[in-house]
Amino acid sequence: MRAHLVAVDVGTTSARAGVFTRDGRLLAKARHPIVMRRDGDAFAEHDSEDIWRAVCHAVRQAIGEAGLAASDIAALGFDATCSLVLRDREGAPLAVSHQGEDRFDTIVWLDHRAVLEAERLSAMAHPVLRFSGGSLSPEMQIPKLMWLKTHLPDSWQRAGYAFDLADFLTWRATGSNARSRSTLTAKWNYLSHEDPGWHAGFLDAAGLEDLVERASLPKDTLAVGDAAGRLLPEAADGLGLDVECVVAAGQIDAYAGALGALGAVAGHPDMERNLALIGGTSSCLVALSRQPLPGHSLWGPYYEALLAGHWLVEGSQSATGALLDHMVRMHAAGGEPTPGLHQRIIDRIAVLRATEGHRLGEGIDILPDFHGNRSPLADPRATGVVSGLTLDASFDGLCRIYWRTCVALVLGIRHILETMETFGHGFDMLHVAGGHVQNPLLIELYADITGHPVRVPSAPDAVLAGSAMAAAVAAGLYPSLADAGLAMDLGGEIRAPNAAVRADYDRDYRRFLAMHRHRAELEAIT
């Protein structure tokens, strides 16, 4: 009997694959890098065929390390960043920039080329925007598609498909053009609670009256846990699997992480009191509710973007792990931000804190909006601020700035949480997933600064676990995501907030809010 699952997560810099048992144990994991081309701060592109090759490499390696055969794998689940893939009518890659290389056919999620398009559409205050926080981010697909149609008319005329990256992966694997409710509802302004889900008036207002045709967008969507199809022979050969393997509908990566982190409480009556915090290159706070709770700057509410019968709201930061990398890279005592260098910094901070305590980095205050502010300001033009710099270029100086950057990032999380609470959300516990579980500084700060207990899942990779849960349902191993989540959750460790440091972080938070006001005052001076 096929009872094993493969989960694939495509992030900003790599594709990762994990092999799971039906009860949620991770047997093996592999990673393969992907290419990203940058052009200044605004433009970032992938080669989707390079991504597919990386996926195949990672899956083959993970299956080999697990010691399994293709006939052991029941299903495959994909999750990915919300990058945008453009293909022609024959399914071949299409250029997404003026540089004209068709192989670079994917606009990376963090690309901000469409700021003007997002602002123009947000200013229209169309009713559809009630379900995206009242505005649009340039990281969403509609502004990016507007940019493509305006600036690359040749590519637009040749377009036959446009995919969210997770949907591209299921299409590449199965040949099916079916799209996920997770991707279309969260990133394409598809209203899954209405029929039709595509709002013609909104697309007309965006100048995308031909989008459904150009992108080959279907009328309906697949729920998370539905099957998109079975593997094509060519895809099966590349992945080291077989054509009997079921492919689950794709997910946004953060939502796969939310499912992996919240699995034990999925469907529980108190689920709404639990919040998933998925931290990686960026950070996302994901809340689920039985009633829609719209709020300014909060992405959503999205109906059934994850669980049946539930609305999802996301509050998020555009650069978190990316900001820590940036601080390391730009400092005189830093360098290439490898995991080893991050660990050296973290270890040294522990030594410094043993003697300096909360005074470490005192006087350094940071607004972490180096790549805009998604929540709670909904301002992609927001910039970072650092106050308290000196001529210290030593390694300890880097450690002090790194520590205060960690503090600033979590102060931003507190800012988002308080905003979510004003719109009707309430939380008893944060469930953390993603790369940040490897950073003990952030885990400690998440509890101490927010005042909420933090649960770190015992599963070694909650994002992959969430995709494995969806695959298990698609394969028929469990009847629902709630059942899969309960059966495949491996428990977790809870860290309570330290009340003794609350006053210090409350002071930091007051300074943080004051910096927001002061930045606005500076921007208002003409």
Side-chain angles (χ1 to χ4, degrees), residues 129-135 137 182 185-186 191-193 224 252 254-279 282-318 320 373-379 409-434 436 445-455 457 462 466 481-482 485 494 496-497 505-506 509 512-513 516:
L129 299 184
R130 179 173 179 266
F131 300 94
S132 65
S135 63
S137 164
S182 175
T185 304
L191 302 183
S192 59
H193 60 287
V224 176
I252 299 296
Y255 302 170
L259 180 59
L262 296 173
V265 296
H268 191 276
D270 293 331
M271 182 183 64
E272 296 184 29
R273 303 293 303 178
N274 293 267
L275 181 77
L277 195 168
I278 301 88
S282 61
S283 290
C284 302
L285 295 165
V286 177
L288 295 163
S289 62
R290 291 171 180 82
Q291 299 296 324
L293 297 173
H296 173 72
S297 85
L298 302 179
W299 292 359
Y302 304 132
Y303 187 60
E304 295 188 342
L306 185 57
L307 289 183
H310 288 77
W311 299 78
L312 183 151
V313 162
E314 175 186 345
S316 49
Q317 297 170 306
S318 290
T320 52
N373 183 296
R374 291 183 191 166
S375 305
L377 303 184
D379 182 5
L409 289 169
V410 185
L411 292 172
I413 291 293
R414 176 171 168 179
H415 200 193
I416 296 170
L417 283 173
E418 291 186 357
T419 300
M420 297 178 83
E421 288 167 350
T422 65
F423 292 115
H425 299 276
F427 309 109
D428 297 324
M429 185 175 294
L430 308 182
H431 299 248
V432 180
H436 290 189
L445 291 167
Y446 285 141
D448 292 349
I449 290 179
T450 69
H452 292 293
V454 169
R455 180 181 184 265
L481 291 176
I494 297 175
Y505 290 128
D506 284 348
Y509 189 58
F512 180 85
L513 296 178
H516 273 283

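Computed from a predicted structure; not experimentally measured.
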| message | Between Tyr255 and Glu314, is the side-chain hydrogen bond (donor to acceptor under 3.5 Å, both in side chains) condition met? List the steps. | response | CA-CA 9 Å; Tyr255 302 170; Glu314 175 186 345; 2.7 Å; yes

| note | Value for CG (Asn274) from CZ (Phe427), rounded to nearest 0.5 Å, stands at 9.5 Å

| field | Ala447 to Val454 - nearest heavy-atom pair and separation | value | N-CG2, 3.6 Å

| Which pair of non-hydrogen atoms, one from Thr419 and one from Pro376, has the smallest distance, and what is that distance? | OG1-CB, 3.2 Å

| said: For Leu481 versus Val224, what's the shortest heavy-atom pair and its separation? | reply: CD1-O, 3.6 Å

| query | Quick one: do Arg414 and Asp506 make a salt bridge, cutoff under 4.0 Å? | reply | yes

| note | Output for pair (Leu377 CG, His516 NE2), nearest 0.5 Å, gives 5.5 Å

| message | Given 3.5 Å as the limit, does a donor-acceptor pair link the side chain of Glu304 with the main chain of Ser192, or not? | response | no

| Nearest heavy-atom pair of Arg455 and Ala264: which atoms, and what distance? | NH2-CB, 4.4 Å

| query | Could you give the distance from CG (Leu430) to OG1 (Thr450), rounded to the nearest 0.5 Å? | reply | 4.5 Å

| field | Nearest heavy atoms of Asp448 and Ala496, plus distance in Å | value | OD1-O, 4.3 Å

| said: Taking side-chain hydrogen bond (donor to acceptor under 3.5 Å, both in side chains) as the cut-off, I'd like each qualifying pair that reaches into residues 286-298, sequence neighbours left out, listed once. | reply: Glu272-Arg290

| Least distance between heavy atoms, Phe423 atom then Pro294 atom | CD2-O, 3.6 Å

| request: May I ask you to test the His452-Leu275 pair for a side-chain heavy-atom distance under 4.5 Å? | output: no

| Is there side-chain contact between Ile413 and Ile449, with at least one heavy-atom pair below 4.5 Å? | no

| For the atom pair CG (Leu285) and OG (Ser316), what is the distance rounded to the nearest 0.5 Å? | 8.0 Å

| said: Tell me whether His268 contacts the main-chain N or O of Ala266 through its side chain, where contact means a donor paired with an acceptor under 3.5 Å. | reply: no

| field | Side-chain donor or acceptor of Tyr302 paired with backbone N/O of Ala186 under 3.5 Å | value | yes

| said: I need the His436 NE2 to Leu445 CG distance, nearest 0.5 Å. | reply: 11.5 Å

| message | Is there a side-chain contact between His415 and Asn373 in this structure, where contact means two heavy atoms from C-beta onward sitting under 4.5 Å apart? | response | no

| query | Is there side-chain contact between Ile252 and Ser182, with at least one heavy-atom pair below 4.5 Å? | reply | yes

| Is Trp299 close to Ser137 at the side-chain level, that is, under 4.5 Å between some pair of heavy atoms? | yes

| Point-to-point distance, once rounded to the nearest 0.5 Å, from CG of Leu306 to CG of Leu262 | 8.0 Å

| said: Under the rule for ring-ring contact (aromatic ring centres under 6.0 Å, His included), what residues qualify as partners of Phe131, not counting sequence neighbours? | reply: His193

| request: Before giving the answer on side chain to side chain contact (heavy atoms under 4.5 Å, CB included), spell out for Ile416 and Arg374 the whole-Å C-alpha distance, their side-chain angles and the decisive distance to 0.1 Å. | output: CA-CA 10 Å; Ile416 296 170; Arg374 291 183 191 166; over 6 Å; no

| query | Less than 4.5 Å apart, any side-chain heavy atom of Arg273 and any of Val265? | reply | no

